[in-house]
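Residue numbers begin at 1 in each chain, while the letters A, B, ... track the order of the sequences. Computed from a predicted structure; not experimentally measured.
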Amino acid sequence: MFLSVIIAVIMIFGAMWTIVTEDLFKAIVIFAIVSLSSSIMFLLMQAPDVAITEAAIGSGITTGLFIFTYKKVEEEKDER
Amino acid sequence: MVEILLVPLITAFISDIFIKNKRLVWFLFLISNGYILYKLYSLYGKWDLTYILNTDYQIFGAKLSLGLSNNPLGWYFAFFSAVVTLVIAIFSIGFNTNSKGNVAPIWMLIIFANLGIFYAADWITFFMMWELMGWTSFFAITNGNTKALDGAKYYLALSLLGGSSMLIAILLLGAYTKTFIIITSAYRLIQLFNLAEGVFTTILLLFIMAFFIKSAIFPFYMWPSKVYAVGPEDYIAFMSSVMIKYGIYPMAIFIVPVIGNLQLPKIFNAGNWMQYFIGYLGALSAVVGTLLAMFQTDMKKLFAYSSVANMGYILLGFASMSIVGFEGSLFHVVNHIVLKAAIFLSLAAVVYRTGESEMHKLGGLVYKMPITFLTFLFGIIAAAGIPPLNGFGSKWMIIQALMEKKMVVLVISMVFASTGAFMYLFRALVSIFLGQLPERYKDVKEVPYTMSIPMIIMMGLMLLIGVVPGVVMKPLTIALDALGYKVDIATWTTLSSSFKNATIDLKIVFYMFAMGIVVAALMYLFGNKSETIPQHDNYTAGENPIEWGVDADKFNYSYSFYQPFKEMFDPLFERISIDRFFSSIGKNFEYISPTIQGLYKRGEGAVLLFSIGVLLFILGGWIL
Amino acid sequence: MNSIVFLVVIPIIAAFLSLFLGKVNKLIAYIVTIFNLSFSIVVLVSGKIPFNVAIGGWRAPYGINFVVSDITIFFLLLINVAAVLSLTTIKEHMEYQFYAFYFILLAATNGMVLTGDIFNFYLFTELTTFAIGGLVAYKRDRLATGASLKYLILSSTASTFSLAAIGLIYKTLGTLNFADIASKISNLNKASLSLILILFISSMLVELKIFPFNIWVVKAYDASIPAVNLFLHGMVSTAGVYGAIRILLMVFSKNSIMLSQSSNIANILILLAFITVIISEIGALTEKNLIKVLAFSSMAQLGIFLFGISLGNYEALKGAFYIVISNYFAKFVMFIVAKNYSVIAGSRNYEDMKGLGRKYPGLAIAFTISALSLMGMPFFAGFWGKLSIVGNALLMDKIAIIGVIIILISSVIEGVYYLRISHTFFSDGNIQDTKLSRINCVLPIILAAVILIIGIYPNSIENIIWTMINEIQNTPEKYIQVILPLK
Amino acid sequence: MTQVFILSSLSLMFIGLYGVLTRKNLLKIIIALNIIETGINLLLVSFGYIDHGITPILTSQESILNLNKMVDPVPQAIVLTSIVIGLGTTAFALALAIRYKITHNSISINASEEEEGRGI
Amino acid sequence: MKDETSVLVNIIAFLILFVIGIYIYSVAIDTGAGIKITDNITPTMRVADKYLNKNVLDDNSTYQWGGTAEDTAANIVTSVVVDYRLFDTTLEVIVLFITILGFGFVIPKDKRKIIKPTTILNRWAPILMLLMLMIGGYTFINGHLSPGGGFPAGAIISTAILTGVLTGRRTISQKSLKIIEAITGISIFSIGIISYFLTGSFFQNFILNDKIGDLFSGGLIPIFYGLIAFKVAAELSNIYFEFYEE
């Protein structure tokens, strides 16, 4: 029962941290953690289908995309 | 009856197709005007002719039906404006041979709207024709030259504003009196007075605002000077004489009967406060019009303000609410149409020949253009209200009516205004035609025949109405009688005044003046001749002012003719200027608009504003 | 009549095919659009109008269903006609992605009008957003990327709001079908209903271009190519208008036409409506770029439409329909004229288009006619709309009267800047003689003629609109028994 | 139990909305958008959740017997679709962000739209 | 670094969120009549009841394990996603199609350097690819029995192709990916059209009388999930090709 509370706390703090941090790469990594923990939350809500999809697409592909764009955007290193 | 409206529409369409060759288009214009005049003449007397077109468009639950009816007052206005339009049509054939833009198709549309306004039976048709006339006159004024744009924009904004206020008034009227027919809505509006006085006054004030904007009465007197100076001259002749009456017609047919038989307490037992409200506005526009006319240097602007003053006289006639006053102002409507058209035709002739409209740059044209001078002289005399010509009769009746109703302040302002009229009319005559002819206009010739004949016709008209007022008064009194006013039919040459048995026989007055002119002519012929000195010698001692680097025309005696008089009134006009007030409103809108464009151009506050919108909903949904 | 689903399926299949057929895409686009139009005409003529199609064989509240009633067919025709007309303005060769986006846009807008399920409506809105995002970004230059990105961010936040509303509806009422919601809406708690309404309306108003939500409009119109402007105007805002009518009037308003149970949400809508009108008119006053002027003016017209709807009486609703029709035709003409003139004059600034009216009078006259109809001048279609909206708003409460006065003032402003533009068209300027092919002069003239005919003789349109308003009048009963008789 | 789920998803949505409203960097905004999407998905599934519910998958005969203890499948169906929409939005927005970086050579949202900056 | 406008924006954002939060709270604890958003309505009171009991068409049909029913997918979520509300999922595929198309269309194509893959990755790549393909295959083949389904399967298969791209091995060319994508998309909708001609209404399940629980039950569902899996796999690997084009 209180596993869900722990996961919820992790998610909320991760979300806040992602929004607040300055460094982009750190934000992306923490976002990956948040989406993984949301996939666990889906499991706790008895929704395995959604959990797998969220894990595969929500955290897998999206984080990959973010890192890809981060690499492309960071190339010139003059982020104003 | 409906073919009288179809003919101008069809000619507008045809002339729009053949817009390229001018001769055909203006010839078509003349023929259709002639046809309209003939048709109007044949409609005289048949007052029960109506034409109803019912659409199944539902407004306030009932199906809307648009109608035209041959009401006597509408016929009266339409007939006499058709007469003058025909004359102007003849004039503009010659005038437009070499002008750039072609205003004939738009002008035909305006004539269609003109007839529509005078013949509308219900308010919705009236409003449709009114708005059509609004935007078509914008296109007629600008007619392609961009320097006319800001004056025309000013006029367009005002007329659209008038249109919207009239739309609100009509819809309120329709909602509360369940009818759009003009006559029945007038009666029901009077009963509505004691039910919902607030609504009654708003309806009346909104109507009055719309009509005053169109007829350039006091609060909205600025647009004629801006518009008449820039428009094509022959169209302006039509506009300044006929189109400025569109506000007067609904006043006569709707506002005056409603105010007339309102059971309101009489102030100094002369009239209720509505009458005084209209009266004072009329007086103000008469006085202000005259004063501003004096200070103008451009001749078209001068006569624009003189139109404002004449509209003031008509309103004063309405304010007296007596039969003679009512007849006098309606008679003045026709007089003003005729004399204003004559004056503007001669101005158009001057501009056609010299291309100049600043008075101090002109002078001495009397030798070169005698017929134009004569028409202008007749116009001046009529405008001043001197007996043999038509201006006198109507002003005389209005002042009689005001005296009889003991509205002394209004009489004083009217008399002040008409004496003021002498000043600026004389100034215009002197600076344009008398004095010395500047060198650049040495080879100016008289205007060709097609333009001088209509001017002669106008002179004849003015003289005819002046001597035999029955030509106008008889159809007017028959029309008023048909409308149900207790009025005795006027005789051919005598005008009845409001006091007992004080009639005036204009034939005798004409004979007296004829003898006076003969004596003056004799004295002129046998008196000693005056020798002419070049104009500039008297103050530049033979030197040529050009070497001083100064524009010689500024030294012309008619440059600022009434400078002392102007200094007397300047402090008054500096502080309160309605003109600045209205144009400042326009400026504010144009000032705010770049900030809004900035908001939309950057577009990065989108989500922020989205959530503010949600906030607005929450506050509304939750707190309210 | 199960084959109505072809209207959505055929364009999607064409979208898949468009990946390969580079050159032939334009032809396929014409074929598919004309198929859609003729199919909807066949359905109109077939006379079996109020019918319901259950997709996948599952009956109404449980499966997804398409509903075809008088309003649906009317808007379907509007959208498909808009699609055909805007295709004609595409001259040069477009990449295959453009046609893929176009097909999906066609399928999505048709679907939005047809669907009877709230989640399906959300999905179609999403599809429209993505398609429009892609089309706006078609030029891929600086302006287009910025406009498309900002539009995407705004519309995805808006869509999360509507997803939350759908979730709440499902949690409380337990169904996702419009008819079922309409029948169960009244036993909802007032506060919960206003929460759901607020979430739904805020995402709806983004598409209806109402003030706080319409920051994206001017950038999107300015950044996209003329054909996309026509898509945006013809298909997307018509579908948005349909969404507003169908959902706000038929689903969420139980018995009274009052837009929503809580009247103060209706007051806020009236307030927002006339604020949009006055702000977009003032914004357009000194705007030099013709396309931006048209964007501001289309915001104003939709503001008047929302004002007409949320007044809460049937004649004002009729006026709102007139405004939609007149805006639909008028804006079409104006966008086509703006495209042709900006091609000739080389810039979108209307001051450089001086004198074009003399060289191509047909286009300039059509532009003036549509401008006058938008201003609500008599003898044009817009007047009838303005007449009934102003007439009925005057009898309402105080906020409606203030709204009407502000709308009339803004129509004065609109008059000033529109006639100034048409005056610059007619004034004399030196324009070198680039020949404009005659055929695209014909289209604006026909549409302007339609506006004129409606303006002079409104009977034909009047009966069509009254059939639609009768359907809205006895909304839930008639609508539900069309969809849920099989219970 | 459901309170925890609903409250956590609501707070996720609020944090995401805060991020979208305040951040300047485009990638940050897109991350915040994703957080809102995840929050919404959690909210929807938590609407369907009942305490001590079991997964709505029929594994054997006795799972058919206690159907009424199963969690509501419809929100899960909706969330399946909405996750993929979230992916679509992110992919499209990221591509536009890269193009935005090239044309505006800055990824802050209020780069001015006018002509400066090299555009491809 | 924070200039005062962004501080102001922060405060406004806090204010807005605070007011929205309070409003939602007040709606939650509202005590008016009628269904409130907080009272727990069990699935049986919702549409889901018919999906659970699989008796949408006739009301009192029941089923038992191994027997036949309206929709024989054991995993009820899959039955809702692919059978009862199939149109949503097809639209979902279109959304993905459009966004990935937009992604490829908008992304600037410039020369990118290839990082040489590390030896570990190089050695393990084939095994990883096989593993991914097997997992993906499993998820969509019995999507109707165990959790999982078309979308995660597609994602997993696309990661297989990703490893191929990462290590530089040419598994599938972009042209063929586009062809697969188009073919699967068209076949999804053509099945819909076939079912229209066969059974009169779109996307109706025309393969019937399977039994719940066994592998090939659920009529069209496995076919649809397979097609969706391949389509998603093709689309996502399109993205990866953008990453590391040679």
Side-chain heavy-atom pair [X], [Y] within 4.5 angstrom cut-off:
X         : Y         : answer
Asn392(C) : Leu171(B) : no
Tyr600(B) : Lys292(C) : no
Gln58(B)  : Glu462(C) : yes
Leu387(C) : Ile124(B) : yes
Ile405(C) : Ile168(B) : yes
Leu197(C) : Phe617(B) : no
Val607(B) : Ile215(C) : no
Ser593(B) : Ile282(C) : yes

Minimum heavy-atom separation for [X] to [Y], with atom names?
X         : Y         : answer
Arg420(C) : Leu149(B) : CG-CD2, 3.8 Å
Leu160(B) : Gly415(C) : CD1-CA, 3.8 Å
Leu395(C) : Ala175(B) : CD2-CB, 3.5 Å

Chain B interface, residue from [options] that has the most non-hydrogen pairs under 4.5 Å:
options                                    : result
Ile279(C), Ile153(C), Thr157(C), Leu271(C) : Ile279(C)
Phe161(C), Trp216(C), Phe211(C)            : Phe161(C)
Leu285(C), Thr286(C), Asp222(C)            : Thr286(C)
Leu205(C), Leu372(C), Val206(C)            : Leu372(C)
Ser427(C), Ala191(C), Gly357(C), Ser280(C) : Ser427(C)

* To do: Please look at Leu199(C) and chain B and tell me whether the side chain, the backbone, both or neither of the residue comes under 4.5 angstrom of a heavy atom of that chain.
  => neither
* To do: Against chain B, label Tyr418(C) side chain, backbone, both or neither, depending on which of its atoms sit under 4.5 Å from a heavy atom there.
  => neither
Which distance, rounded to the nearest 0.5 Å, do you find between the [atom1] of [X] and the [atom2] of [Y]?
X         : Y         : atom1 : atom2 : value
Leu132(B) : Met377(C) : CG    : CE    : 10.0 Å
Lys386(C) : Ser164(B) : NZ    : OG    : 5.5 Å
Phe610(B) : Leu154(C) : CZ    : CG    : 6.5 Å
Asn214(C) : Leu609(B) : CG    : CG    : 9.0 Å
Leu615(B) : Ser202(C) : CG    : OG    : 12.0 Å
Tyr457(C) : Leu53(B)  : OH    : CG    : 7.5 Å

* **Trp384(C) and Leu64(B): CA distance, side-chain angles, deciding distance, side chain to side chain contact (heavy atoms under 4.5 Å, CB included) verdict** => CA-CA 11 Å; Trp384(C) 301 113; Leu64(B) 176 73; 3.6 Å; yes
* side chain to side chain contact (heavy atoms under 4.5 Å, CB included) between Phe426(C) and Thr142(B): does it pass, once the steps are laid out? -> CA-CA 10 Å; Phe426(C) 283 114; Thr142(B) 49; over 6 Å; no
* Which pairs with one or both residues in residues 155-166 of chain B pass salt bridge (Lys or Arg N to Asp or Glu O under 4.0 Å), sequence neighbours excluded? -> none
* Quick one: of Phe60(B), Phe139(B), Tyr176(B), who has the most non-hydrogen atom pairs under 4.5 Å with chain C? -> Phe60(B)
* **Contact winner vs chain C - Leu599(B), Leu66(B), Ile596(B), heavy-atom pairs under 4.5 Å** => Ile596(B)
* To do: For the residue pair Phe379(C) and Phe112(B), categorise the inter-ring angle as parallel (less than 30°), tilted (30 to 60°) or perpendicular (more than 60°).
  => tilted
* Has the side chain of Asn459(C) got a donor or acceptor atom that lies under 3.5 Å from a matching backbone atom of Thr55(B)? -> no
* Asked: Counting distance only, does the side-chain N/O of Glu287(C) pair as donor-acceptor with the main-chain N or O of Gln597(B) below 3.5 Å?
  -> no
* For Lys226(B), enumerate each residue passing the salt bridge (charged side-chain N to carboxylate O under 4.0 Å, His left out) test, keeping only those at least two apart in sequence or located in another chain. => Asp579(B)
* Can we call the ring centroids of Tyr57(B) and Phe383(C) under 6.0 Å apart? -> no
